[in-house]
Structure formats: C-alpha cells, structure tokens
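Structure, as structure tokens:
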Amino acid sequence: MQENDGIAGLSGQPKGRRRARLARELFSGVYRSGQVLDLREIGERYELDEDSLLNAFGDLESIGVVKLSGNHSATVLSPSLKEMKEAYEMRASLEEIAGRTAAAFLEGNTAELRGEVDAMLAAVRSDDLDAYAEHDIKFHRIILEASQNGVLRRVWDTLAIDLRMRAAIPKVTRDLYDSAESHRPIANALEEGRGREAGLLLRNHVETILEYLKRSESDSGLQRAFRRDLEDAKAVQQAFFPPQTISIPCLSYETFYQPARGIGGDYYDLLSLQRGRWGIAIGDVSGKGIGAALIMASLQASLKFQALKPHLKLSTLIGDVNELVYESSPKNIFATLFYAEYEPAKRMLNYVNAGHNPPLVLRPEDGSCEIFRLPSTGIPVGISADPQFASAAFQFEIDDVLVAYTDGITEAENRQHELWGQQRLEGLLKSCSRKSPKEIIKTILDQVSTFANGQPQRDDVTLLVMRVQGGCDD
C-alpha cells in the first residue's frame, strides 16, 4: 500500500482524522528521533487548534513518542516496541473479555460492525490509512461498549489503545487486507451469540497484529531472505498429506486441499492401523498461514503417534492428543478435529468429533438421498488441559458416501457478505448420491465458486469424500 504525502491534502478532513495522521507520521518516521518540533508550526500544518494540539501531544507523550518542553515545543522520541508489546498483550485480554460479554447484546445486531469491516476494506482499496485506523478503532469500540463493562473501558483509555492502534497502521500496511478480513469472523460469531468464540477470535486478531509489529521492527535483509525461504514451505507441507496412491479396501475416495495463503492450517490424513482398520482424520487449526501450518504439523504428528499405538477407546486417544497439542501450542490456539476408525469388513465407523463441522453421510434413496450428520462429541483440541471427549459409531451401508469438509466451504462469502452455509451444502448433496467422489468434490467447488462470484478465498478449504463399496464382508 502506498501512503499519501504526510503534509498535503488535510483541508476538510475531520479533526479526528487530522490527529490520526499526526500520530501515524510520528510513528512512521516522517519526523526523525531527536527532532525538535515547534507546536505552532505543527498546529498549522495539521490544521489543529491549540487545545486539540496540546491534547494530541499530551496523549503522544503518555506513550513515549514525544517529550514536551515548556517553550511550546516537543522532542521526537523513538517509540518503544517493548512498551507497545506489553500494551497489546493487555489489549488482547481486554478484547477477549469484551467479546465474550458483548455477544449477548450484539446477537442478531451486528449491522454496524459489518459496516465498519466494509469501510476498512474500502480504505485498504483507496490507500487511506487514516480512514482505516478510524474504522478499525470504531469496530473494536462498538464491542467494548456493548460489553457494558466500565472497568474494561477505563483500562482501555488508560493504555491509550486508540492512539496505539492509529500508530500501528503504518507498520502493518502490507498485511492490512488480511487484518481487515480477520474482523469478519468476529462479527459472524457475535451475530450468532457465540461469545467464547468471539473472544478467542478477538484475542487472536490482536496477537496477530502484534506479530506484524514485531516483524516490521526486525525486517532485516536476513529476515527477508528467511521469508523467501518460507515460500518454499508449501512443498514441505504437502509431504504431510497422505499420497493419492493409498488404497483402502472397499472404499473409493477423493480429496481436495487449497490454503487461503501459500500454506495453511487445514489437515487431513489416512492411516493404516492394526487389524485391518483405517484411521480417517480431518481438522482445522484456528488462524491461517505459517503459524497455523506449524500447529497443524504438531497435531498430525500427535495424532499419528497416538493412533499407531495399541488403544481401546477413541475418547482416550483424542484426550491424549489434546494433551500433547495443549502443551505444545501457544495459548488460545486450538483445532477442530474429526477422527474416525473404519473397519471395512464390518462397514463400521467409530469416531470422535472434537468441535469440527459435522461430516455428512449420504444414503441413496429413490433418486435422492437421506443425509445423516456426524455431530460434535466434544470441544476442539487444545482449548482445555483436561476436557472429556465422547465417541460415537455409525453403521455404513454399501453405496453410502461420507463427505467431510472444513469451514472454508460453508463460510465462503459472496459480495453481499452472505455465507454459503450448511443448508446450501446439504441441499446440493441431496442430488449427488450417485456421483463419484471426484464428481462430488467438483460439484461442491463449482457451486461455491459461483456463489462467491469473484470474492477472494478467505479461509483454507479441504474436502474428503468417500464411497463405501462391497466385497469386504466378514
């Protein structure tokens, strides 16, 4: 994103926008450290009256950006990343609490939030950093106010979070589109009253911005070379997925995986187990990109390690996987996981669904099909140290089709910000029971693409489709 000139084009802007530009330019290096600023000249340059100017510089002094002098001047200081880091860590906790509480008041009432997301994206497209900052602040302020928690508001103001958000924008410009889009699932969770999820998404959003800030401060040639090397990580990640040559007795199958970025946090696997059983897994790590991919690799390794050991209960197995993921992952990172063990001879599927989208079983019936859901039997892995997971079983019949997927399918969005949704998926699958797994995947992807109508892919997409065949009876 190209920044506009820091001096021109201020006339007619709202006072808040002019103060936002002043803060942004102090943080982005327009004024060098040690430079002495004449406040009268600054007031004229940014068209701020004396009271507004003194208030702005008072706020800036409180976060260590300038040092005011008695002769109506101020010295520019180097902002402290350590102080910003500490403030953002506290902000992450504030936002998580606010999101959990605000959900009860914002359920079914998030039009204003969605409008702010649209305004942020419009600001990204027009390279208007100051407008982006104001809409970003307003989005988070709406949630803070909806929490009706006066203590949170006072701490927020004491930490000068609004000002810090304005100051951070110049340092995250190349990630600004992703940052804007990350507000949308927060609004979706609040719209549906899912307070716990909204709180975790808010915390994850703030911690991601903090990582962007850290990266911008240490953007040396060596680290740029390191990031170029990470572009090759896509090929490495592909090695985690099972080869297409795997043959499972009396099952035909097809898979599809496409990350929203070069690499992602979706996961699927097929494991050959003892006594002729097969492990079938699909999961989705919170977040996207490199961080999610690393957690995905940890999840895959943990699951494979546990699944290949002798075990009696799937609930215990997933409990052990949860413990490994919980201990090895950053806090507030979690993964939904559907893991099943299939016995071809009995056509029996035993499974645990740890908070994942319910896989669907299609059973042909008079030209259409009956649809069975395999619902959640526990919370996502990695959230809690010692949760309880229940197991369940499903008896397949010949010609049944299993369709497992991640939320990149159901949460694909069109230009009106509508989600494709579970209902559309199930409606489409009712006419797909006689198609091959490959044809079913193509049909789903074609319909999602048509619905999105050119909107960019926002989340990783994974599909795993299996058809039960005869010939393996005891």
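Note that the structure is a prediction, hence the values are computed from the model and not measured.
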Chi angles and distances behind the side chain to side chain contact (heavy atoms under 4.5 Å, CB included) call for Val465, Val401: CA-CA 7 Å; Val465 179; Val401 175; 3.7 Å; yes
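- Taking 4.5 Å as the limit, some side-chain heavy atom of Val468 sits within range of a side-chain heavy atom of Tyr342.
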Derivation of the side chain to side chain contact (heavy atoms under 4.5 Å, CB included) call for Phe334 and Ile379: CA-CA 10 Å; Phe334 60 91; Ile379 65 173; over 6 Å; no
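- Applying the salt bridge (charged side-chain N to carboxylate O under 4.0 Å, His left out) definition to pairs two or more places apart or across chains, those involving residues 90-101 are Arg91-Glu95, Glu96-Arg100, Glu96-Arg203.
- The pair Lys138-Glu134 does not meet the salt-bridge criterion, since no charged nitrogen lies less than 4.0 angstrom from a carboxylate oxygen.
- Smallest separation of non-hydrogen atoms from Asn353 and Pro359: ND2-CD, 3.8 Å.
- Between Phe394 and Phe372, the distance separating the two ring centers is shorter than 6.0 angstrom.
- Taking the side chain as every heavy atom from C-beta outward, Gln422 and Leu360 approach each other to under 4.5 Å.
- From Lys442, atom NZ reaches atom CG of Leu463 across 13.5 Å, with rounding to the nearest 0.5 Å.
- Taking both residues in full, the closest heavy atoms of Ser179 and Tyr132 are given as OG-OH, 3.2 Å, listed atom of the first, atom of the second, then distance.
- Residues Thr462 and Asp266 bring a donor and an acceptor atom of their side chains to less than 3.5 Å of each other.
- Between the side chain of Asn414 and the backbone N or O of Asn453 there is no donor-acceptor pair closer than 3.5 Å.
- From Glu370, atom CD reaches atom CG of Asp400 across 9.5 Å, with rounding to the nearest 0.5 Å.
- With respect to Arg184 and Glu181, a salt bridge is recorded, a charged nitrogen being found less than 4.0 Å from a carboxylate O.
- More than 12 heavy atoms of other residues, nucleotides or ligands sit less than 6.0 Å from atom CD of Gln395.
- Between His140 and His183, the ring planes lie perpendicular to each other; the angle is over 60°, past the 30° to 60° tilted range.
- When side chains are defined from C-beta on, Asn350 counts as touching Glu343, because their heavy atoms get closer than 4.5 Å.
- Using a 4.5 Å heavy-atom threshold, the side chains of Leu94 and Leu144 count as separate.
- Formation of a donor-acceptor pair under 3.5 Å by the Thr450 side chain with backbone atoms of Asp446 is found in this model.
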Show the numbers, then the answer: is there a side chain to side chain contact (heavy atoms under 4.5 Å, CB included) between Ile398 and Arg347? CA-CA 8 Å; Ile398 294 175; Arg347 295 194 288 274; 3.8 Å; yes
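- From Ile409, atom CD1 reaches atom CZ of Phe256 across 7.5 Å, with rounding to the nearest 0.5 Å.
- By the 4.5 Å heavy-atom criterion applied to side chains, Leu273 and Leu308 are counted as neighbours.
- Between Ser436 and Glu254 there is no side-chain heavy-atom pair separated by less than 4.5 Å.
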Show the numbers, then the answer: is there a salt bridge (Lys or Arg N to Asp or Glu O under 4.0 Å) between Asp157 and Arg141? CA-CA 11 Å; Asp157 291 337; Arg141 276 281 185 180; 2.5 Å; yes
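- Closest non-hydrogen pair, Leu113 versus Ala187, comes out as CB-CB, 4.4 Å.
- Gln447 places no side-chain N or O within donor-acceptor distance of the main-chain N or O of Arg424, the cut-off being under 3.5 Å.
- Atoms CD and CD, from Glu211 and Glu207 in turn, are 8.0 Å apart once rounded to the nearest 0.5 Å.
- Two residues are said to be in side-chain contact when any heavy atoms from C-beta on lie closer than 4.5 Å; Leu374 and Val361 meet this criterion.
- Without hydrogens or angle criteria, Glu191 side chain to Thr110 main chain gives a donor-acceptor distance under 3.5 Å.
- You'll find the side chain of Trp278 reaches within 4.5 Å of the side chain of Ser272, heavy atoms only.
- Within the model, atoms CZ of Phe305 and CG of Leu317 stand 10.5 Å from one another, a figure rounded to the nearest 0.5 Å.
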Step-by-step side chain to side chain contact (heavy atoms under 4.5 Å, CB included) determination, Phe389 to Thr377: CA-CA 6 Å; Phe389 296 98; Thr377 61; 5.6 Å; no
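- Between atom CG of residue Asn357 and atom CG of residue Leu425 there is a gap of 9.5 Å, rounded to the nearest 0.5 Å.
- Across all their heavy atoms, Val206 and Tyr88 have their closest contact at CG1-O, 3.5 Å.
- Under the 3.5 Å distance criterion, the side-chain polar atoms of His356 are matched with a main-chain donor or acceptor of Tyr405.
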Between Glu411 and Arg458, does the salt bridge (Lys or Arg N to Asp or Glu O under 4.0 Å) criterion hold? Intermediate values first, please. CA-CA 9 Å; Glu411 294 185 4; Arg458 294 172 37 243; 5.5 Å; no
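- In this structure, Tyr339 and Ala281 approach most closely via the heavy-atom pair CD1-CB, 3.9 Å.
- The heavy-atom pair separating Ala146 from Ala102 by the smallest distance is CB-CB, 3.8 Å.
- For Arg153 and Asp162, the salt-bridge test fails: no basic side-chain N is under 4.0 Å from an acidic carboxylate O.
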